[in-house]
Number of protein chains: 2
Amino acid sequence: MNDDGPVAACPIGPVVDIVFSRWTTPILLTLHNDGRLRFVELHRRIGGVTAKVLTDRLRRLERDGLVTRTYFAEVPPRAEYEITELGRSLSPVFASLAAWQSEHLGEVEAARGRFEA
Amino acid sequence: MNDDGPVAACPIGPVVDIVFSRWTTPILLTLHNDGRLRFVELHRRIGGVTAKVLTDRLRRLERDGLVTRTYFAEVPPRAEYEITELGRSLSPVFASLAAWQSEHLGEVEAARGRFEA
DNA sequence: CAGAATCCGGTATGATACTG
DNA sequence: CAGTATCATACCGGATTCTG
C-alpha cells in the first residue's frame, strides 16, 4: 500500500502555501532583482495589485521570514522592504520553474489548442 | 530602469498558474508515484477534496496535457487517469521544492514563532 | 506616503442529490 | 462507478475612505 493520507499525497504542501499564494512570486522576484524598495516603488513595479492586498502579502512574507520591513516614522512616512537570505534561498526553485516554462510552455499551449476539438 | 510591467515582475506567472492551482500538486504527485489510477482510487488517496473539485482539476490538467483520461463506457463505468511525459517533466520542479522545504521549513516556522512578539 | 478600516461582489470551493 | 447539476458559502481581492 502506498497510502499515508493527504500528507503523503502532497509532501510539498507547506512550501506551496508559503511561496505560491497569489502575488507572492512577483513580490519576491522584484525584491530579489531590484533590491530594497519602498512601498510605492514596489507597488508601482508589480502593478495590478491593490495596496491592501500588497500589504497583506508583505505582512505574510515578513511573518514567514522571507522579507524584512523597515519603517521610518517620518513625514511623509516611509517603509522599505528587502528580501532576506531565506527569501534568496528560493532562487533554485524559481530557476527550475523558469527552466520548465521556457522548455515546456509551448507543449501546454499546444495541448490546449488540441483540447478545443 | 527595470520596469517592463507585470510580465517582467513575474516571468514565471504562467507555470505557477498551470501547476499550483489548489489540489493540482497532490494529484500530479500521486499519479506520478502510483501510476495509472481510476477515479475513485485517486480520490481516496488524495482525500479531503470533493468529487466535483477533483473532476474540475483533472479536466484542467487534461486540457493542459499533464494528464490523460481514458474512459470505459462499461457497467459500472470506469475512468483511468495517468500522468503524461509532460507531467513527468515537472519532476525537477517538485524536487527543488521538496529540497527547499526540507532545508528551510524550520526557519520559516522559527520566523513565525518570533513574529508572535 | 504608508497603511488601516470598511464595505462589497465574484470566484472558488463545498455539500447534497441526481443520472447514465 | 464516474460523474453532473444545483444550491449554499466562504474567502479572497478590489474600491473607497480615513488616519498619522
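All chains are named by letter (A, B, ...) in the order of the sequence lines, taking the proteins before the strands, and each is independently numbered beginning at 1. The structure displayed is predicted, hence computed values, not measured ones.
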When the side chains of residues 48-55 of chain A are checked against the rest of the protein, which donor-acceptor pairs come out under 3.5 Å, sequence neighbours left out?
residue : atom : partner : partner atom : Å
A/T50   : OG1  : A/V53   : N            : 3.4
A/T55   : OG1  : A/A51   : O            : 2.7

- Item | Rounded distance (Å) that lies between atom C1' of C/dT11 and atom CG of B/D17 | 15 Å
- Message: It should be established whether B/R59 places a side-chain nitrogen or oxygen under 4.0 Å from OP1 or OP2 of nucleotide D/dG3.
- Response: yes
- Measure the distance from CD on B/E80 to C1' on D/dG3 and round it to the nearest whole Å. 16 Å
- How is A/A51 classified with respect to the nucleic acid when contacts are heavy atoms under 4.0 Å: base, sugar-phosphate, or nothing? nothing
- Separation of C/dA12 P from B/D56 CG (nearest whole Å): 10 Å
- Message: Base, sugar-phosphate or nothing for B/F72? Non-hydrogen atoms, less than 4.0 Å.
- Response: nothing
- Using the salt bridge (charged side-chain N to carboxylate O under 4.0 Å, His left out) rule, collect all pairs that involve residues 101-117 of chain A, keeping only residues at least two apart or in two chains. A/R112-B/D64
- Query: Please give, in whole Å, the distance from C/dA2 C1' to A/R78 CZ?
  - Reply: 12 Å
Which pairs of donor and acceptor atoms, one on a side chain in residues 87-99 of chain B, lie under 3.5 Å apart (sequence neighbours left out)?
residue : atom : partner : partner atom : Å
B/R88   : NH1  : B/H32   : ND1          : 3.4
B/S89   : OG   : A/W100  : NE1          : 2.8
B/S89   : OG   : B/L86   : O            : 2.5
B/S91   : OG   : B/R88   : O            : 3.0
B/S96   : OG   : A/S96   : OG           : 3.1
B/S96   : OG   : B/V93   : O            : 2.9

- Message: I'd like to compare against my own output: the B/S/- annotation of nucleotides 12-20 of chain D with a strict under-4.0 Å heavy-atom distance to protein.
- Response: -BBB----B
- Message: As an exercise, state the distance from SG of B/C10 to CG of B/D17, rounded to the nearest 0.5 Å.
- Response: 8.5 Å
- Item | d(CD1, A/I46; P, C/dA2) in whole Å | 13 Å
- Given D/dA2, is OP1 or OP2 found less than 4.0 Å from the side-chain N or O atoms of B/R38? yes
- Ignoring backbone atoms, establish whether B/R69 has a side-chain N or O less than 4.0 Å from OP1 or OP2 of D/dA2. no
- Query: Which salt bridge (charged side-chain N to carboxylate O under 4.0 Å, His left out) pairs, counting each pair once, include a residue from residues 65-79 of chain A, with sequence neighbours left out?
  - Reply: A/E74-A/R78, A/R78-A/E80
- Message: For B/T30, give me all partners under side chain to side chain contact (heavy atoms under 4.5 Å, CB included), at least two apart in sequence or on another chain.
- Response: A/A9, B/D34, B/L37, B/L42, B/R45, B/I46
